[in-house]
Undergrad: 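The structure under discussion is supplied below as structure tokens; questions concerning it will follow.
Here the structure is a predicted model, which is why all the values come from computation and not from measurement.
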Amino acid sequence: MPLIAKVGRNKLSVKFWLAFITSFLWLGVALHLFPVWWMFTSSIKPVPEVYKFPPTLWPHKPTLVCYKLFFQAIGVSYKGEYRTVLPFPIYVYFKNSLIYTLGTMVIQIPVCALVAYSLSKLHSPRWSRILFLAFITPLLIPAQIYLIPRVLLFKNFPYAFKISSNLPSVNLMNTTWVMILPFCYDAFNVLLFKGFFDTIPESLVNAARLDGASEIGILRRIIIPLSKPIFAVVSWFSFSGLWNRFLWPLTVLTEEKMWPISLRMNLLQTQLESEHLQAGMSEIELALREIGLGWNLIMAMGIIQSIPIFIVFLICREYLMKGIRLRGFK
Amino acid sequence: MKSKPRTRERQLKHKHYAGWLYSIPGFIFLILFFWYPLILSFVVAFQHWHPIKPPVYVGLNNFQLVFNHPLTPLVFKNTLIYAGLRIALTFLIPIIVAILIMEMRKSTIRIMMILWFIPISGVALTILWKYIYNPYYGLLNAIFVGLGFAPQRWLSDKNLAMLCLILPSLIMFAPGLIYIGALQTIPEELYEAAELEGAGFWSKIWHITLPRIRPVIAMLLILAVISAFQEFNLPYIMTKGGPGNATLFAVQYLWRTAFGYMKLGEGTAIAILLFFFLLTLTIIQRKFFRENVDE
């Protein structure tokens with residue numbers, strides 16, 4: 001409690017001020033939690049309640065029908081025409097999301113940690129400055145510029161152009177690689193790691209060196225055990241960033257069986273909202289309602305999609321406050 | 001005795017080698033997926049790409065097409081308005097919240113940190129907001145009607161759509177954690193010393209807290225500006241750029257040009273224009289916030 005003076009905390013004006021801050025913060029918490037709660041209650045509402053106006057705050061007849069679709073694909077027939085709603089059960093998309101995210105993290109975190117460690121402790125000061133600049137500039141470059149060239153790159157990996165037919169190139173679109181490779185390096189993670197490694201005293205590393213420890217030994221026995229908090233922080237930032245990817249998969253994954261869950265949610269939402277026929281309902285929406293689904297299905301997918309992020313947050317939470325040692329672009 | 005300097009030398013050599021060895025994987029990814037595409041985009045912008053035929057050099061033609069396109073000024077205007085509003089309305093909130101949270105008791109800080117910065121998938125939350133905005137059965141209209149106002153069409157309303165896109169970002173944020181991390185590194189003695197000299201609440205914030213976290217604020221401001229100008233998910237999911245292109249922003253515009261109409265060259269030209277615009281903004285910001293804090 002650094003800002004409010006320790007002496008005179010019992011004064012009425014100070015008490016009032018503190019109470020004001022506290023209530024402001026709790027109000028913010030309420031505002032912040034409200035969408036989560038709304039998503040959850042909507043996901044367990046039966047269809048008539050999802051579309052009720054004004055909406056009910058708590059479902060009168062809660063149902064788990066949407067969560068049962070985790071293992072089941074669905075389609076509806078409307079006017080004799082079959083339309084898929086979920087061509088694959090939700091777990092397929094969920095599994096894809098997990099593979100893309102964890103697969104990237106497994107490569108990304110060690111790569112970034114090693115780069116940051118070498119910048120912080122191994123390179124000479126001069127090289128360290130130059131390399132740091134090279135490694136960190138991607139952070140200052142708007143990522144949208146990579147979008148089109150990277151698509152070309154992956155269509156004709158690794159040349160982008162058809163140079164000659166002798167040079168072998170592969171089309172990586174619609175593969176797992178396209179979701180992993182471009183994210184294996186992340187400048188922000190390097191910044192986070194370096195900020196932390198910089199606070200580890202140089203003398204500690206030098207002392208170990210004098211004792212005859214090898215470079216790998218220093219890394220393994222001294223640096224990594226000390227760096228648990230920063231690994232937690234980076235895992236958290238990296239997981240939430242990678243899990244939420246949307247534009248890139250939307251651009252490169254055209255086959256539905258490769259989609260992460262976010263893409264399917266968005267398409268479902270578009271299907272429900274696109275062709276308004278009567279009272280804001282689209283054809284598919286009307287057909288879906290007959291089998292008891294609608295916005296509650298999308299909300300259930302939203303909850304399912306949020307669970308992993310929440311779990312990782314809970315795991316990393318203890319370290320989050322300890323690990324962040326950012327000092328700007330330095 | 002003699003062997004000592006030699007071992008020392010060898011160790012320095014090892015350190016040197018290890019430094020380069022550890023940087024190599026990062027280097028490979030950096031060059032292949034960052035520097036190479038960056039250079040590539042400056043090539044593609046001057047070419048005409050055909051789905052089957054090899055690309056042809058067309059000079060500045062792509063840029064001319066973009067400049068003469070009737071949508072371009074509108075898109076850049078929309079992007080500016082959106083990014084400006086979003087930064088103005090949302091950038092300060094996490095800073096204030098982080099500073100105030102640090103005033104609470106330790107146990108309260110723990111709970112509040114979870115609750116304030118509770119993570120939800122961004123895409124899921126965006127779609128939830130679309131449900132809330134629904135004019136027929138959405139929550140927001142229910143509240144409006146309940147309070148006695150006329151129901152609104154929200155995302156389908158030309159004048160409201162832009163504001164509707166900003167509202168969710170008022171409550172979706174994570175950088176608060178970074179501020180809390182930064183605030184924790186400020187030694188408590190500084191505040192105590194200031195207190196002895198009679199500094200109050202505001203003057204402590206102004207003279208100790210803010211200067212200390214300024215490098216972090218400067219960095220996050222730069223990142224926030226870059227990401228606000230590149231927003232894609234929110235407008236794409238909520239409005240698809242509508243109604244009547246009122247919320248069509250730069251990235252969606254280039255995405256649609258490149259992959260919707262298959263004009264890769266033109267799309268890249270838009271990307272490069274936005275790139276230089278943002279680069280200028282970043283350089284200006286760097287000039288404004290010099291990073292050296294007195295230590």
Side-chain angles (χ1 to χ4, degrees), chain A residues 1-5 21 25 28-29 31-33 35-36 39 51 53-55 111 114-115 117-118 122-123 138 140 142 144-146 148-150 153 160 181-182 184-185 209 215 240 244 246-247 251 262 265-266 269 279-280 295 298 302 305-306 309-310 313 320-321 324 326-330, chain B residues 11 14-15 18-19 22-23 25-26 29-30 33-34 37 40-41 44 100-101 103 112 115-116 119-125 127-128 131 136-137 139 142 171 177-178 180-182 184 188 191 195 201 204 215-216 218-219 226 230 232-233 237 251 258-259 264 267-268 271 274-275 278 282 291:
Chain A
M1 321 172 179
L3 291 177
I4 295 168
I21 292 175
L25 287 175
V29 166
L31 261 179
H32 199 69
L33 287 182
V36 188
M39 199 190 303
Y51 292 102
F53 188 87
V111 164
L114 283 178
V115 166
Y117 176 67
S118 69
L122 296 176
H123 288 294
L140 293 171
Q144 47 91 16
I145 195 144
Y146 300 126
I148 299 167
R150 272 184 185 166
L153 183 64
L181 286 176
C184 283
Y185 174 77
R209 233 173 244 140
E215 290 301 329
S240 57
N244 278 328
F246 182 76
L247 173 56
T251 313
S262 54
M265 263 171 78
N266 180 53
Q269 174 264 124
W295 270 96
I298 299 174
Q305 204 209 359
S306 302
I309 297 195
F310 191 63
F313 183 74
L320 282 180
M321 282 170 89
I324 303 177
L326 271 182
R327 300 209 45 235
F329 293 114
K330 274 191 119 182
Chain B
Q11 273 177 342
H14 279 181
K15 179 182 160 186
Y22 293 171
S23 306
F29 287 117
L30 184 70
F33 297 108
F34 290 88
L40 199 59
S41 67
V44 175
L100 291 182
I101 279 184
E103 288 309 295
M112 281 213 170
L115 296 180
W116 259 99
I120 318 168
S121 141
V123 174
L125 205 54
I127 293 176
L128 170 79
Y131 177 51
Y136 300 97
Y137 42 77
L139 176 68
I171 9 187
L177 283 177
I178 297 178
I180 285 190
Q184 282 207 315
E188 203 139 319
Y191 290 105
E195 212 172 297
F201 184 80
K204 277 189 218 163
V216 176
M219 180 183 80
I226 293 178
Q230 296 186 88
F232 176 83
N233 296 4
I237 292 171
V251 174
F259 302 112
L264 290 173
T268 316
L274 185 61
F275 168 77
L278 286 177
T282 306
E291 282 193 7

Undergrad: I want to check something: taking the side chain as every heavy atom from C-beta on, are B/Ser41 and A/Ile148 in contact at a cut-off of under 4.5 Å?
TA: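 They are not in contact (no side-chain heavy atoms under 4.5 Å apart), so the answer is no.
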Undergrad: Of all of A/Gly302, A/Pro54, A/Pro182, which one pairs up most often with chain B through heavy atoms under 4.5 Å apart?
TA: A/Pro182
Undergrad: Between atom OH of B/Tyr137 and atom CH2 of A/Trp295, what is the distance when rounded to the nearest 0.5 Å?
TA: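 Interatomic distance, B/Tyr137 OH to A/Trp295 CH2, rounded to 0.5 Å: 6.5 Å.
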Undergrad: I need the B/Leu115 CG to A/Leu25 CG distance, nearest 0.5 Å.
TA: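 B/Leu115 CG to A/Leu25 CG: 11.0 Å, rounded to 0.5 Å.
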Undergrad: Within the structure provided, determine whether A/Leu122 and B/Tyr22 are in side-chain contact (heavy-atom separation under 4.5 Å).
TA: yes
Undergrad: Can you tell me which portion of A/Ile298 sits under 4.5 Å from chain B's heavy atoms? Options are side chain, backbone, both or neither.
TA: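 For A/Ile298, side-chain heavy atoms alone lie under 4.5 Å from chain B.
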Undergrad: If we only count heavy atoms from C-beta on, is the B/Tyr131 to A/Met39 side-chain gap below 4.5 Å?
TA: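 In short, these two side chains do not touch, never coming nearer than 4.5 Å.
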Undergrad: Carefully, step by step, assess A/Tyr185 and B/Phe33 under the rule ring-ring contact (aromatic ring centres under 6.0 Å, His included).
TA: CA-CA 8 Å; A/Tyr185 174 77; B/Phe33 297 108; over 10 Å; no
Undergrad: Indicate yes or no for a side-chain donor-acceptor contact from A/Gln269 to the backbone of B/Ile127 under 3.5 Å, with no hydrogens or angles considered.
TA: no
Undergrad: Output the option from B/Ile180, B/Val44, B/Ile226 having the highest count of non-hydrogen pairs under 4.5 Å with chain A.
TA: B/Ile226
Undergrad: Contact between B/Ile237 and A/Met265 at the side-chain level, heavy atoms closer than 4.5 Å - yes or no?
TA: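 A side-chain contact is absent here, since even the closest heavy-atom pair is not under 4.5 Å.
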Undergrad: B/Ala142, B/Ala182, B/Ala18: which one forms the most heavy-atom pairs within less than 4.5 Å of chain A?
TA: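 Most pairs with chain A among the choices: B/Ala142.
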Undergrad: If you define the side chain from C-beta out and look only at heavy atoms, does anything of A/Leu114 sit under 4.5 Å from B/Ser23?
TA: no
Undergrad: Taking side chain as everything from C-beta outward and backbone as N, CA, C, O, which of these in A/Leu33 sits under 4.5 Å from a heavy atom of chain B? Side chain, backbone, both or neither.
TA: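 For A/Leu33, the contact with chain B is made by the side chain alone.
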Undergrad: Please rank A/Leu247, A/Ile21, A/Thr251, A/Asn266 by heavy-atom pairs under 4.5 Å with chain B and give me the top one.
TA: A/Leu247
Undergrad: Rounded to the nearest 0.5 Å, how far does CG of B/Leu40 lie from CZ of A/Arg150?
TA: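 Here the rounded value is 11.5 Å.
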Undergrad: Between A/Ser262 and chain B, with a heavy-atom cut-off of 4.5 Å, which part of the residue counts as in contact: side chain, backbone, both or neither?
TA: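 Both parts, backbone and side chain.
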Undergrad: Taking the side chain as every heavy atom from C-beta outward, state whether B/Leu177 and A/Phe313 have any atom pair closer than 4.5 Å.
TA: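 A side-chain contact under 4.5 Å exists here.
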Undergrad: Measuring heavy-atom distances to chain A, does B/Leu128 have an atom under 4.5 Å in its side chain, in its backbone, in both, or in neither?
TA: both
